[in-house]
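Numbers here simply count residues along the sequence, with the first being 1. Being a predicted model, the structure only gives us computed values, none of them experimental.
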Amino acid sequence: MPPALLGSGRALPPHYADQETLLAAFRKLWGEKHFNLDRLEQLHRAVRVGGRHLALPLAEYDKLTSFAERNQAWTAAAVEVGERALRAALDSAGLRPDQLDLLVFVTVTGIATPSIDARLVNKMGLRADLKRVPIFGLGCVAGAAGLARAADLVRGAPGATCALLAVELCSLTLQQKDISVANIIASGLFGDGAAAVIVGGENRSRAGLPRIAATRSVFYPDTERVMGWDVVDSGFKVVLSSQVPQVVKDNIARDVDAFLADQGLARGDIRHWVCHSGGPKVLEAFESSLELPKDALARTWRSLQEVGNLSSASVLFVLDELLRAEEARQGDVGLLLAMGPGFCSELVLLRW
């Protein structure tokens, strides 16, 4: 039997600001340098985000003047919100922390050695022989890629239980002196949060939750500048090309159809679409390219509006909401997908 989902959880930092409050803060920050403040407001409203949770109180961000200070704040907040997400997933699965055999950790918004997963071992009472796999750099695609890699790991250890933990604190990457269009869009789109999923080997399962029937990775050559970071003296400077929606349109339908065909399926067989909330233009590209039914991405749109794009954690937030809704029935098929830096896509087939 394929690996099974055993539980999921998510966590948000305690600080929240609605989009109007954030926009006012950015107008104040960039007012003297950005002569077209109406354009700033237009870009923020276009991302259709209602508000975001923040790693720190809004007033604290001005005090962070270096990459070192921001990354120190990231490490502390990542441990706190990561622990809450992982505990929520374990509780959902009916497991104790010491019952985990493997832990995959993904992020793209901060760096730490020892990594965040290592810092959680003592804090949560995880086992000393826990196998840890920290992954940095996959960005928005990492939620789907991490789930696929967790499935790969338990296929090789059928009795094992693996957790995937995604922590992204995008607010702590903001470049305050960068008034490029890419940075302004990112300042309106990306939020903070963490999500976790528990995956069990073939001899583990939970009623009402799906198995990971198949996965696929697709890399698009010569697309390195579509999305990512430029690492500069002040930290992570966003690379966010206007080509992203076109890359989706050029590739996703072909890749989804080929993946499904290899499983004896077609798009019409998919009842549950679980997509990363990449932004309005990306979601519209998914909908048009895949010719999705009305409201197929309703959960993704709602997640974007409520918390913003949480990078790797986004697709796991949508998955968690689907699992909690308990709408799926035995025999249903779902497709979880995300795209990100590389540029690349990850596809995960779910069967109930």
Side-chain angles (χ1 to χ4, degrees), residues 11-37 39-85 107-112 116 119 136 139-140 166-194 228-240 277 279 304-314:
L12 293 160
H15 315 289
Y16 178 82
D18 61 50
Q19 204 74 343
E20 294 301 321
T21 300
L22 292 169
L23 181 56
F26 286 121
R27 289 176 72 96
K28 180 180 178 181
L29 174 65
W30 289 321
E32 295 181 0
K33 296 181 180 180
H34 199 289
F35 297 102
N36 189 354
L37 291 179
R39 178 61 171 160
L40 167 65
E41 183 170 340
Q42 181 185 37
L43 290 171
H44 266 241
R45 297 195 188 285
V47 298
R48 294 169 65 173
V49 175
R52 282 163 288 164
H53 291 257
L54 304 173
L56 303 176
L58 187 57
E60 296 294 312
Y61 285 84
D62 285 343
K63 301 176 184 178
L64 304 176
T65 59
S66 69
F67 180 32
E69 290 174 345
R70 283 195 295 274
N71 199 70
Q72 185 177 18
W74 177 88
T75 301
V79 169
E80 189 277 330
V81 74
E83 179 185 7
R84 288 197 285 116
T107 192
V108 75
T109 51
I111 54 175
I116 300 305
R119 295 165 193 253
F136 175 86
C140 296
V167 178
E168 303 291 9
L169 304 174
C170 303
S171 67
L172 289 169
T173 69
L174 178 71
Q175 296 296 299
Q176 297 185 0
K177 296 181 181 180
D178 179 6
I179 57 172
S180 66
V181 170
N183 192 54
I184 290 172
I185 292 173
S187 74
L189 177 62
F190 291 96
D192 298 353
W229 296 129
D230 282 333
V231 181
V232 297
D233 288 344
S234 54
F236 297 134
K237 176 181 169 65
V238 69
V239 174
L240 186 60
S277 49
L304 176 67
Q305 195 277 330
E306 291 176 352
V307 298
N309 182 345
L310 304 179
S311 190
S312 68
S314 281

Would you check if [X] and [Y] make a side-chain contact, meaning some heavy-atom pair closer than 4.5 Å?
| X | Y | answer |
| --- | --- | --- |
| L22 | D18 | no |
| Q175 | V238 | no |
| I116 | R119 | yes |

Nearest-0.5 Å distance, [atom1] of residue [X] to [atom2] of residue [Y]:
| X | Y | atom1 | atom2 | result |
| --- | --- | --- | --- | --- |
| R39 | I184 | CZ | CD1 | 8.5 Å |
| L189 | L43 | CG | CG | 11.5 Å |
| L56 | H15 | CG | NE2 | 6.0 Å |
| Y16 | E306 | OH | CD | 8.5 Å |
| C140 | N309 | SG | CG | 4.5 Å |

So, using salt bridge (charged side-chain N to carboxylate O under 4.0 Å, His left out) as the criterion, who are the partners of [X] when residues are at least two apart?
| X | result |
| --- | --- |
| R84 | E80 |
| E41 | R27, R45 |
| D62 | none |

CD/Q305: more than 12 non-hydrogen atoms of other groups inside 6.0 Å: yes

Ring pair (Phe, Tyr, Trp, His ring centres under 6.0 Å) contacts touching residues 59-82 (sequence neighbours left out): F67-F236

Is there a donor-acceptor pair closer than 3.5 Å between any side-chain N or O of [X] and the backbone N or O of [Y]?
| X | Y | answer |
| --- | --- | --- |
| E69 | T65 | yes |
| N71 | I111 | yes |
| W229 | V108 | yes |
| E168 | A194 | no |

Do you know which two heavy atoms are closest between [X] and [Y], and how far apart they sit?
| X | Y | result |
| --- | --- | --- |
| G139 | S312 | O-CB, 3.4 Å |
| D192 | L169 | OD1-C, 3.2 Å |
| R70 | L172 | CD-O, 3.1 Å |
| L174 | S187 | CD1-CB, 3.8 Å |
| A313 | G193 | CB-O, 4.2 Å |
| G82 | V167 | CA-CG2, 3.8 Å |

Step by step, work out the side chain to side chain donor-acceptor pair (under 3.5 Å) result for N183 and S180. CA-CA 5 Å; N183 192 54; S180 66; 5.4 Å; no

Could you check T173 against T109 for side chain to side chain donor-acceptor pair (under 3.5 Å), going step by step and ending with a plain yes or no? CA-CA 6 Å; T173 69; T109 51; over 6 Å; no

Quick one: list whatever passes side chain to side chain donor-acceptor pair (under 3.5 Å) with R52, sequence neighbours left out. Q19

Please name all residues satisfying side chain to side chain donor-acceptor pair (under 3.5 Å) with S66, sequence neighbours left out, ordered by chain then number.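 Side chain to side chain donor-acceptor pair (under 3.5 Å) check on S66 returns nothing, list empty.
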
Under a 3.5 Å cutoff, is there a donor and acceptor pairing between the side chains of H53 and S171? no

